[in-house]
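Comments concern the structure below.
First the proteins, then the strands, lettered A, B, ... as listed; each starts at 1.
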There are 2 protein chains.
Amino acid sequence: MPDTRQKLTIYDIAQLSGSSPSTVSAVLNGTWKKRRVGEATARKIQKIAAEHGYTTNLQARGLRRAQSGLVGLILPVHDNRFFASMSQSFEAQARERGWCPVIVSTLRNPAEEIRTVETLISYAVDYLFIAGVTDPAALSEICRAAQVPHIYVDLPGKDAPSVVSNNYLGAELLTRKLLELMPQVDDPARAKPYLIGGLETDFASAHRISAFRSTVLELRGSFDEDQIITCGYAPGSAAREVSALCDRIGGLPAGLFVNSIRAFEGIVSEFVHLPSESFEKSVFGCYDYDPFAAFLEFPVHMVRQNSNQLIAAAFELADSGVTDPVLIQVDPELIPPRTVYNGPFSQLG
Amino acid sequence: MPDTRQKLTIYDIAQLSGSSPSTVSAVLNGTWKKRRVGEATARKIQKIAAEHGYTTNLQARGLRRAQSGLVGLILPVHDNRFFASMSQSFEAQARERGWCPVIVSTLRNPAEEIRTVETLISYAVDYLFIAGVTDPAALSEICRAAQVPHIYVDLPGKDAPSVVSNNYLGAELLTRKLLELMPQVDDPARAKPYLIGGLETDFASAHRISAFRSTVLELRGSFDEDQIITCGYAPGSAAREVSALCDRIGGLPAGLFVNSIRAFEGIVSEFVHLPSESFEKSVFGCYDYDPFAAFLEFPVHMVRQNSNQLIAAAFELADSGVTDPVLIQVDPELIPPRTVYNGPFSQLG
DNA sequence: ATGAAAGCGCTAACAA
DNA sequence: TTGTTAGCGCTTTCAT
């Protein structure tokens with residue numbers, strides 16, 4: 001391995017091989033077949049390049065070609081099971097297609113989202129995947145102005161194709177399961193199922209709440225708005241709210257639909273103070289899957305969103321060049337208690 | 001917002017403002033003060049650029065300056081609490097410094113690691129953070145040849161600065177805790193603590209195992225190698241191994257040190273078949289923190305690695321320009337059962 | 001205080 | 001089959 005202090009360019013390789021920069025360029029970027037560079041010349045150049053550890057300057061190529069080979073994914077946070085597994089899938093599939101994935105989180109901060117999209121565009125990303133942002137319209141506008149094709153994942157955009165989880169279906173399945181398993185309780189306030197967590201302003205939560213409401217109404221014939229407690233996603237507020245609920249109705253409700261793993265985390269931290277028997281007259285559901293939540297003291301039915309399928313569908317749309325605002329839905333899965341889900345990357349850790 | 005079909009360049013802005021490209025360049029990249037561009041000229045150019053939605057082409061800038069403004073982080077997987085929170089911290093701190101973070105995972109695959117480092121170098125990353133790879137030496141060599149400063153996080157490199165978790169300390173704390181709480185059991189095979197999960201070839205695991213061995217020896221006066229079961233990180237194999245262990249020693253051991261959250265996941269999936277009383281004569285520890293694992297039926301003591309501090313220390317080294325192979329250790333924390341840990345990003349979800 | 005011009009490394013006409 | 005050349009958009013001497 002020669003210690004090339006200076007980075008080599010195609011000009012260096014041209015010199016060393018006695019051919020011209022354009023021939024070297026063609027050989028090294030794979031277009032030499034159709035440029036009809038001689039087999040021998042090609043071999044020689046490849047050999048020299050390899051020996052000297054030549055690597056293409058992708059900035060220069062990108063500048064010239066007016067594209068970068070980068071594909072971006074914007075998500076709210078890395079530190080979340082659903083989004084992290086989305087990252088994993090995104091990366092694998094981007095690589096498969098010869099793209100270099102760039103994953104950035106914007107913390108659900110509108111200004112940060114805009115700044116980030118602008119930065120990625122400045123780096124000439126070839127395609128942008130957008131998941132879980134607050135203002136899709138603003139981002140679409142920026143992308144449109146810069147002519148960057150983009151797609152929304154897990155939330156619908158009206159100016160670009162979208163792939164979303166079928167939140168209505170997932171919530172309906174979970175609600176039906178709860179209603180099916182809920183024990184008979186005398187106190188009417190405790191006999192009803194409650195939904196806790198999330199925000200109705202959030203697209204996904206809105207659909208889940210709507211499914212919860214309709215399904216309860218359909219199967220029970222009545223529904224009160226006090227059965228819905230939208231307190232956001234933070235564990236702390238869910239903990240406070242569930243505790244307030246129990247105070248209000250004098251114990252745990254017969255059914256509890258927790259609308260996010262983070263909220264569930266907070267709720268469990270409250271539950272830990274209760275004796276085991278408290279859970280006997282209740283059934284729990286959580287919209288999100290977590291392997292450990294599957295093994296709590298009380299059984300928890302969970303919905304697992306198929307992030308891998310979301311990303312796969314998005315890549316298919318990207319590949320096919322669709323730019324119209326089509327909307328594809330991906331069905332989530334109801335996961336029973338005590339189940340270890342095996343995902344595409346589960347052998348790793 | 002004018003619908004500029006074509007992306008504007010500094011030449012366009014120069015025309016529009018009646019000044020030269022070099023002046024526009026200086027104004028728009030912030031060096032105009034020291035280039036002594038007139039206040040009025042500067043204002044005018046900035047105004048025009050803003051009105052037309054000009055954005056710098058970072059590829060062109062990068063090519064010219066021979067740097068990109070990108071800073072890379074290489075990790076094994078995204079889909080893991082520890083690494084995901086590392087991503088979150090990395091991103092926040094990179095942004096703070098005006099860098100654009102690029103986070104990629106290489107699935108502990110040596111070839112992929114090398115390919116990835118080469119790709120990032122081709123994009124002219126200014127700095128590289130490397131966490132959890134299999135062959136640091138090879139990567140250092142590539143970085144050195146390309147003159148890319150880099151730092152290792154969570155594993156030590158011998159040719160570059162490193163920031164690592166104090167795995168020995170963490171494991172020692174956890175082992176001491178287990179030994180302190182382990183109940184008296186008659187059967188000698190069940191009276192000993194066991195460690196399960198991980199690989200001794202892995203730097204972090206090696207240190208943890210070493211601490212486990214020494215601490216047990218110190219406090220108990222004896223140690224058998226059969227107390228260590230290194231079966232990797234996959235849940236499935238940990239599940240099989242723990243079940244084999246229980247068969248062999250005729251029940252749960254008095255103390256079980258699980259060497260990774262993924263292994264613990266598999267173990268818990270076995271435990272779920274056992275009656276509650278089974279856990280009464282055992283104490284559990286897990287090297288990794290998970291909010292739900294904190295609330296299992298039986299108490300679990302956990303070690304939480306401080307990924308935020310690891311990244312912070314690494315950035316400090318990067319800022320200070322250190323390139324010698326110094327090694328900094330960051331202490332992990334022992335977290336008691338039933339504890340919700342609040343991290344720097346815990347209000348998000 | 002500002003402009004002209006060269007060039008970063010690569011690609012893609014266009015020539016030969 | 002291969003070489004010459006003109007840029008991609010920006011920065012940065014060097015002039016003025």
Tell me the interatomic distance from A:K44, atom NZ, to D:dT2, atom C1', rounded to whole angstroms.
13 Å
Tabulate protein N/O versus nucleotide N/O from nucleotides 7-11 of chain D, keeping only pairs under 3.5 Å, one per line.
unit_1, atom_1, unit_2, atom_2, d
D:dG7, N2, A:R64, NH1, 3.0
D:dC8, O2, A:R64, N, 3.3
D:dG9, N2, B:A60, O, 3.3
D:dC10, OP1, B:Y54, OH, 2.3
D:dC10, OP1, B:N57, N, 3.2
D:dC10, OP2, B:I10, N, 2.7
D:dC10, N4, B:Y11, OH, 2.8
D:dT11, OP1, B:N29, ND2, 3.4
D:dT11, OP1, B:R61, NE, 2.5
D:dT11, OP1, B:R61, NH2, 3.1
D:dT11, OP2, B:S25, OG, 2.5
D:dT11, OP2, B:N29, ND2, 3.4
D:dT11, O2, B:R64, NH1, 2.2

Among all residues two or more places apart in sequence or in another chain, which pass the ring-ring contact (aromatic ring centres under 6.0 Å, His included) test with B:F203?
B:H207
Quick check on D:dG3: is either OP1 or OP2 less than 4.0 Å from any side-chain nitrogen or oxygen of A:T23?
yes
Can you give me the N/O atom pairs linking the protein to nucleotides 14-16 of chain D at distances under 3.5 Å, or say none if there are none?
none

For A:P149, enumerate each residue passing the side chain to side chain contact (heavy atoms under 4.5 Å, CB included) test, keeping only those at least two apart in sequence or located in another chain.
A:Y127
Checking side-chain contact (heavy atoms from CB on, under 4.5 Å) against B:V24, which of B:V37, B:I45, B:L16 comes through?
B:I45
Without decimals, in angstroms, what is the distance between A:I13 CD1 and C:dT11 P?
13 Å
All side chain to side chain contact (heavy atoms under 4.5 Å, CB included) counterparts of B:S68, not counting sequence neighbours
A:Q59, B:L70, B:A124, B:D126
Rounded distance (Å) that lies between atom P of D:dT12 and atom CG of B:L28:
14 Å
Between atom CG of B:L139 and atom OH of B:Y152, what is the distance when rounded to the nearest 0.5 Å?
5.0 Å
Just to be sure I understand the rule, does B:T41 reach a base, reach only the sugar-phosphate, or reach nothing, if contact means heavy atoms closer than 4.0 Å?
sugar-phosphate
Give the C-alpha distance, both sets of side-chain angles, the deciding distance and a yes or no for side-chain hydrogen bond (donor to acceptor under 3.5 Å, both in side chains) between A:T55 and A:K7.
CA-CA 8 Å; A:T55 51; A:K7 270 236 137 224; 2.3 Å; yes
Give, for atom OG of B:S87 and atom CD1 of B:I311, the distance between the pair rounded to the nearest 0.5 Å.
8.0 Å
Looking at residues at least two apart in the chain, or sitting in another chain, which of them share a ring-ring contact (aromatic ring centres under 6.0 Å, His included) with B:H78?
none
